[in-house]
Amino acid sequence: MTQNDMCDGYENPQNYNVFATKCPSRKLLTDATRRWSILVLAALLDQPRRFGQLRGDVEGISDRMLSQTLTLLVEDGLVSRDDSGDAPIYSLTEPGRTVAKPTAQLFTAIYQALDQMPEGDTLSA
């Protein structure tokens with residue numbers, strides 16, 4: 001399968017290549033698919049959230065890690081931070097929504113794969 005075959009109909013006029021270490025698409029892929037980033041992006045899909053709401057949605061993430069993750073995603077342009085109210089509100093930008101949407105399909109594929117495993121072969125949490 002070639003790089004363009006993986007673009008699923010997108011023409012990729014900039015010739016981005018996630019397999020190339022110096023390509024900006026590689027950094028965005030790395031940042032968006034970090035352990036906590038993908039969960040934070042998915043949590044923001046349905047509506048903007050405050051820090052505490054995200055902490056509650058993403059079980060197991062520490063305040064420090066959530067703060068670092070949000071900072072990274074804001075710097076990458078995937079998440080915006082609105083400081084106009086009492087507490088900051090985080091929401092997906094358009095590029096962030098584009099990146100986050102396929103997470104629902106990935107999660108469904110993971111659930112289906114787990115259901116297809118023979119009993120006793122499933123991963124433990």
Side-chain angles (χ1 to χ4, degrees):
M1 183 175 279
T2 68
Q3 173 65 24
N4 286 337
D5 291 338
M6 290 185 270
C7 290
D8 196 29
Y10 178 67
E11 292 191 21
N12 192 10
Q14 301 295 325
N15 291 315
Y16 295 122
N17 182 354
V18 295
F19 295 101
T21 58
K22 295 187 188 280
C23 183
S25 65
R26 176 75 161 267
K27 180 187 182 319
L28 196 59
L29 173 71
T30 300
D31 291 351
T33 59
R34 288 176 186 253
R35 177 181 181 185
W36 299 110
S37 294
I38 195 167
L39 296 172
V40 169
L41 289 169
L44 290 170
L45 261 173
D46 59 342
Q47 66 182 17
R49 288 180 164 65
R50 293 188 186 329
F51 187 93
Q53 292 171 308
L54 282 168
R55 189 180 54 231
D57 290 342
V58 182
E59 258 183 55
I61 194 168
S62 68
D63 286 354
R64 180 174 181 234
M65 186 52 65
L66 179 56
S67 179
Q68 289 175 351
T69 300
L70 287 167
T71 298
L72 178 70
L73 294 172
V74 168
E75 287 172 356
D76 285 346
L78 299 177
V79 170
S80 66
R81 176 183 162 133
D82 179 0
D83 290 317
S84 63
D86 295 340
I89 296 177
Y90 297 92
S91 58
L92 292 174
T93 61
E94 279 307 308
R97 186 163 299 287
T98 299
V99 169
K101 278 184 182 178
T103 61
Q105 293 171 323
L106 175 61
F107 296 164
T108 299
I110 289 169
Y111 303 150
Q112 288 173 341
L114 286 169
D115 285 342
Q116 293 168 1
M117 289 182 184
E119 196 169 322
D121 286 352
T122 58
L123 306 171
S124 60

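For the single chain, residues carry numbers from 1 onward in sequence order.
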Given L78, L45, L73, the one that forms side-chain contact (heavy atoms from CB on, under 4.5 Å) with L92:
L45
All heavy atoms of S84 vs all of D82, minimum pair found to be OG-OD1, 2.7 Å
Using the side-chain contact (heavy atoms from CB on, under 4.5 Å) rule, take V79 and L72 through it: C-alpha gap first, then chi angles, then the decisive distance, then the call.
CA-CA 9 Å; V79 170; L72 178 70; over 6 Å; no
To the nearest 0.5 Å, how far apart are CG in L28 and OH in Y16?
9.5 Å
Nearest heavy-atom approach of T21 to R26 is N-NH1, 3.5 Å
Does the side chain of L66 reach to within under 4.5 Å of the side chain of V58, using non-hydrogen atoms?
no
So with a 6.0 Å cut-off around CD of Q47, is the heavy-atom count from everything else above 12?
yes
For T33, is there any backbone N or O sitting under 3.5 Å from a side-chain donor or acceptor partner on S37?
no
Who passes side-chain contact (heavy atoms from CB on, under 4.5 Å) against R81, sequence neighbours left out?
V74, D83, P88, Y90
Counting only N and O atoms by type, is there a donor-acceptor contact under 3.5 Å from the side chain of R50 to the main-chain atoms of I89?
no
How far apart are the closest heavy atoms of R55 and D63, and which atoms are they?
CD-OD1, 2.7 Å
Give every residue pair that meets the side-chain hydrogen bond (donor to acceptor under 3.5 Å, both in side chains) criterion with at least one member in residues 66-80, sequence neighbours excluded.
K27-D76, S80-S91
Say you draw a straight line from CG of L29 to CZ of F19; how long is it, rounded to the nearest 0.5 Å?
9.0 Å
Under 4.5 Å between any side-chain heavy atoms of L39 and T103, yes or no?
no
